[in-house]
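Sequence lines set the chain letters: A, B, ... in the order given, protein chains first and strands last, and positions in each chain run from 1. Just so you know, these numbers use all the heavy atoms, side chains as well, and skip hydrogens, waters and symmetry mates.
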Amino acid sequence: MSGPTNAEAATLFREIADLLDVLGEKFKPEAYRRAARSIESLTEDLGKVAARNELRSIPGVGDAIEEKIRELLATGHIAYHDRLTHEVPPGLLEILRLPGLGPKTARRFWVELGVEGPAELGAAIDAGRLDGVKGFGAKKIEQMRAALAPAPAGVSGARRPLEEAYPIARAILRALREHAPVQEAEIAGSFRRGRETVGDLDVLVTSEAPEAVFDVFSKLPQVREVRLRGGTKETVVLTNGLQVDLRVVEPDAFGAALQYFTGSKDHNVRLRSLARDRGLKVNEYGVFRGDDRVAGRTEEEVYAALGLAWIPPELREDRGEIDLAAARKVPRLVEERDLTGDLHVHLASDAKERDVERVLDAARARGVASVGFVIAGVGADGARIRFSDDARARLAQRKAGDPRIERAIELTPGADPKPFASERPDYWIVRAGTSPPSPSVPGFVEGTRLLAHLSVPEEGPGDGLRAWLEAVHAGAIAVEVGPGRDRLDSRGASLARSLGVPLAIPLGLGGSEDDPTLAVALAFTRRAGAERNDVANARGPAATAAKTARPRRSA
DNA sequence: GCCGTTTTCGGCCCGACTGTTTTCAGTCG
């Protein structure tokens with residue numbers, strides 16, 4: 001018996017918001033969207049929160065929405081939603097999602113033309129029914145025609161994983177810094193906040209020559225089309241469908257713009273009302289008292305002008321971080337320079353001594369004190385992993401200047417650990433399935449140390465993940481955070497942290513320059529509010545080595 | 001519909017850009 005997932009609940013509330021939009025409601029839609037965002041970022045099932053009578057503690061959930069959540073949990077639907085979908089043709093929601101078309105236009109199509117969906121809209125355009133209608137010129141009609149055309153294969157405007165956007169973002173920044181007349185260049189938006197997915201990229205630069213910057217930007221090889229271009233802003237769409245906004249600001253406003261465009265929306269709304277209370281105004285150009293700009297060059301300045309400590313982008317979600325900043329109690333989140341070891345380095349099965357050397361060089365260059373190699377086991381695809389004798393020999397050498405070397409065995413669920421026992425590894429890496437957890441974790445033998453792979457189900461962390469985390473806890477060195485299907489995202493990391501399970505951040509040692517592993521893992525871990533002591537490979541090799549597992553038998 | 005060391009009512013971010021306009025409405029972020 002499983003109720004609606006958090007993701008399903010959020011989708012329902014978003015639909016209510018869209019429907020209310022079309023009906024011309026003013027503030028309710030935003031209220032429902034706010035609740036939807038909060039529900040999505042929960043680290044446990046709505047049902048659990050409801051059972052504890054704590055729904056009202058979810059930001060954006062008041063009397064009315066609490067009642068609707070309870071109704072949804074009890075009956076599987078929301079009568080209000082049913083009523084609205086009955087009132088408004090569902091096809092209008094699809095029209096609403098077309099770029100350049102909003103609630104006002106969708107409503108006009110419906111009321112004035114009787115158009116109730118994208119197909120009818122297309123037919124109306126083809127039949128010339130929009131010609132001469134007030135507000136619809138030739139360009140607007142052409143724009144709609146384009147929006148209605150099916151997207152080419154492989155091109156999608158959907159949100160995509162952070163790790164997919166990462167190399168693209170790096171390449172854009174690199175190109176602008178090298179070839180355009182810019183001083184500063186950063187990516188803002190949800191990318192900078194380290195969200196699991198990004199809908200677009202917000203690039204921010206300072207420059208005396210915006211036109212020259214736009215010229216370079218428009219001609220990047222990844223750019224498919226320029227969607228709009230003004231004096232301070234240009235929007236393009238890449239060949240893969242990702243939208244990128246580039247904004248040029250003056251240096252004195254860079255911090256304010258970075259703050260403003262990093263968001264999140266909820267964080268900024270809260271910041272602005274705080275400013276209003278103090279007789280100040282915040283926008284992307286600075287913090288103003290009357291016409292005087294009192295801050296703007298750096299983010300620190302902006303927050304300080306509002307009486308706040310600087311807040312790391314990963315925490316800017318209006319989940320209490322502003323109160324912490326006011327009280328000077330913002331946590332010192334784990335940083336890249338805190339990382340002292342990599343617990344999980346894979347090499348190809350035909351890897352030679354020089355490949356090991358390359359990883360050890362990377363470790364030394366980074367100042368990393370310990371490296372754990374996967375020397376044998378069963379990989380994600382079921383294939384046997386075995387370190388070559390040549391590579392093993394290098395591990396055994398222990399040259400002066402080497403980081404401490406550890407040897408790990410990696411296993412998939414159901415794989416038999418016995419054939420690998422003679423390897424006497426320093427620890428086992430266990431790859432878990434999704435929920436429900438199996439109690440028989442391979443490798444759970446006396447004194448075993450574990451590094452666990454756990455994935456967060458798409459609908460969010462639920463009881464299954466919690467049970468898994470509790471199951472591995474006793475023997476765990478840590479649970480890995482990072483990109484991909486078998487590591488924790490920020491919500492999973494947050495749940496693990498609340499249960500006292502240490503986290504591990506993979507460094508991607510020996511990977512390419514644009515390898516997103518470390519950056520993404522670090523962002524997720526920071527979004528979970530983790531400090532250095534929450535991270536196993538940030539506490540120094542001594543601390544990691546000293547952590548011994550409680551003896552435990554496999555069930 | 002939500003929210004409150006100004007409040008239980010009256011606010012709710014605000015500026016850029018586009019297209020269709022003779023001064024602005026709609027969309028977007």
Side-chain angles (χ1 to χ4, degrees), chain A residues 13 16-17 19-38 55-69 80 84 95-109 130 132-144 147 157 188-191 198-204 210 214 226-235 243-249 253 256-257 259-288 307 318 322-323 326-327:
Chain A
F13 285 125
I16 290 176
L19 293 161
L20 289 172
D21 249 344
V22 174
L23 289 173
E25 284 282 353
K26 206 73 180 108
F27 294 104
K28 286 187 191 181
E30 230 8 79
Y32 278 101
R33 286 195 187 96
R34 170 98 209 276
R37 286 196 294 272
S38 286
L55 287 172
R56 287 293 301 269
S57 71
I58 300 171
V61 175
D63 280 337
I65 293 184
E66 173 184 21
E67 199 169 312
K68 289 180 178 70
I69 294 173
Y80 185 57
L84 289 173
I95 290 181
L96 210 51
R97 285 175 199 123
L98 298 173
L101 295 183
K104 296 274 170 48
T105 319
R107 184 179 168 78
R108 283 192 63 194
F109 288 150
L130 260 64
V133 177
K134 191 167 183 289
F136 295 98
K139 277 190 162 175
K140 190 83 200 171
I141 289 175
E142 203 37 57
Q143 192 188 78
M144 287 191 288
S190 52
F191 181 91
V198 299
D200 62 12
L201 290 176
D202 295 297
V203 187
L204 211 58
F214 292 154
V226 176
R227 195 160 271 177
L228 61 87
R229 178 167 172 169
T232 63
K233 172 186 171 180
E234 178 169 37
T235 295
Q243 180 174 312
V244 186
D245 295 338
L246 172 65
R247 288 183 173 82
V248 181
V249 301
Q259 193 290 314
Y260 184 90
F261 290 111
T262 296
S264 66
K265 184 178 183 160
D266 292 334
H267 177 87
N268 284 356
V269 166
R270 177 63 65 94
L271 222 54
R272 223 147 297 145
S273 72
L274 189 80
R276 207 182 36 245
D277 295 347
R278 301 176 182 219
L280 298 165
K281 195 178 84 157
V282 190
N283 58 27
E284 61 261 58
Y285 302 108
V287 181
F288 295 86
D318 190 22
I322 291 175
D323 291 340

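- In this structure, A:Phe27 forms an aromatic stack with the base of B:dC12, since both conditions hold: centre separation below 5.5 Å and plane angle below 30°.
- When all heavy atoms of A:Gly102 and A:Leu96 are compared, the pair lying nearest together is C-CD1, 3.4 Å.
- Separating the C1' atom of B:dG15 from that of B:dG10 is a span of 24 Å, rounded to the nearest Å.
- Phosphate proximity of B:dG11 to A:Ser273: absent, as no side-chain N or O sits under 4.0 Å from OP1 or OP2.
- Among the atoms of the strands shown, none is found under 4.0 Å from any heavy atom of A:Gly189.
- One interatomic measurement links the two molecules: NZ of A:Lys134 to P of B:dT23, which rounds to 11 Å at whole-angstrom precision.
- Residue contacts for A:Thr235: at a heavy-atom cut-off of 4.0 Å it reaches no nucleic acid atom on any strand shown.
- Whole-Å rounding puts the A:Asn268 CG to B:dC14 C1' distance at 11 Å.
- When side chains are defined from C-beta on, A:Tyr32 does not count as touching A:Leu19, because their heavy atoms never get closer than 4.5 Å.
- Nearest nucleotide to the A:Leu228 side chain, out of B:dA16, B:dG26, B:dT18: B:dT18.
- Proximity of a side-chain donor or acceptor of A:Asp21 to a complementary backbone N or O of A:Gly24 within less than 3.5 Å is not detected.
- Backbone-only contact: A:Ala138 has heavy atoms under 4.0 Å from sugar-phosphate atoms and none from a base.
- Listed by chain and residue number, A:Asp245 satisfy the side-chain hydrogen bond (donor to acceptor under 3.5 Å, both in side chains) test with A:Thr235 (two or more places apart in sequence, or in another chain).
- Heavy atoms only, all atoms of each residue included: A:Gln243 and A:Asp200 are closest at O-CB, 3.1 Å.
- Listed candidates were B:dC14, B:dT27, B:dG1. Nearest to the side chain of A:Arg272 is B:dC14.
- OP1 or OP2 of B:dG29 lies within a sub-4.0 Å distance of a side-chain N or O belonging to A:Gln243.
- Contact annotation for A:Glu67: no contact, since no heavy-atom pair falls under 4.0 Å across all strands.
- Nucleotide B:dC14 has B:dG29 as its partner under the Watson-Crick or G-U criteria, with both atom distances under 3.5 Å.
- Atom CG in A:Asp63 sits about 17 Å away from atom P in B:dT8, given to the nearest Å.
- In this structure, CD on A:Glu30 lies 5.5 Å from CZ on A:Arg37, to the nearest 0.5 angstrom.
- B:dG10 atom P lies 19 Å from atom NZ of A:Lys26, rounded to whole Å.
- Residue A:Phe261 is out of contact with every strand shown, counting any heavy-atom pair closer than 4.0 Å.
- Taking atom P in both B:dG11 and B:dC17, one finds a spacing of 31 Å when rounded to whole Å.
- Note: CG (A:Leu96) to P (B:dT27) measures 8 Å, nearest angstrom.
- Nucleotides B:dT5 and B:dG1 are separated by 24 Å at their C1' atoms, to the nearest Å.
- Within 4.0 Å of A:Pro103, counting heavy atoms only, lie sugar-phosphate atoms of the nucleic acid but no base atom.
- The P atoms of B:dC2 and B:dT6 are separated by 23 Å, rounded to the nearest whole Å.
- For DNA chain B, the residues of residues 276-287 of chain A within the heavy-atom distance limit of 4.0 Å (strictly under) are A:Asp277, A:Lys281, A:Asn283, A:Glu284, A:Tyr285, sorted by number.
- Between A:Phe214 atom CZ and B:dA16 atom C1' the separation is 11 Å, expressed in whole Å.
- When distances run from any side-chain atom of A:Ala64 to the nucleotides B:dG26, B:dC2, B:dG19, the shortest one goes to B:dC2.
- Judged by closest nucleotide on DNA chain B, A:Arg34 is the one of A:Arg34 and A:Gly100 placed further toward the 5' end.
- The CE atom of A:Met144 lies 9.5 Å from the CD atom of A:Glu142; values are rounded to the nearest 0.5 Å.
- Within 4.0 Å (heavy atoms only), A:Lys28 reaches at least one base atom of the nucleic acid.
- In terms of the ring pair (Phe, Tyr, Trp, His ring centres under 6.0 Å) criterion, residue partners of A:Phe136 (sequence neighbours excluded) are, by chain and number, A:Phe109.
- The separation between A:Glu142 atom CD and B:dT20 atom C1' is 16 Å, rounded to whole Å.
- Here the C1' atom of nucleotide B:dC14 and the NZ atom of A:Lys265 are 11 Å apart, to the nearest Å.
- In the set B:dG29, B:dC17, B:dG1, the nucleotide with an atom closest to the side chain of A:Lys68 is B:dG1.
- With contacts defined as side-chain heavy-atom distances shorter than 4.5 Å, the pair A:Phe214/A:Leu246 qualifies.
- When distances are taken from the side chain of A:Thr232 to each of B:dG19, B:dA16, B:dC2, the shortest belongs to B:dA16.
- At the phosphate of B:dG19, OP1 or OP2 sits under 4.0 Å from a side-chain N or O atom of A:Lys139.
- If you check every strand for non-hydrogen atoms under 4.0 Å, A:Leu101 touches sugar and phosphate atoms only.
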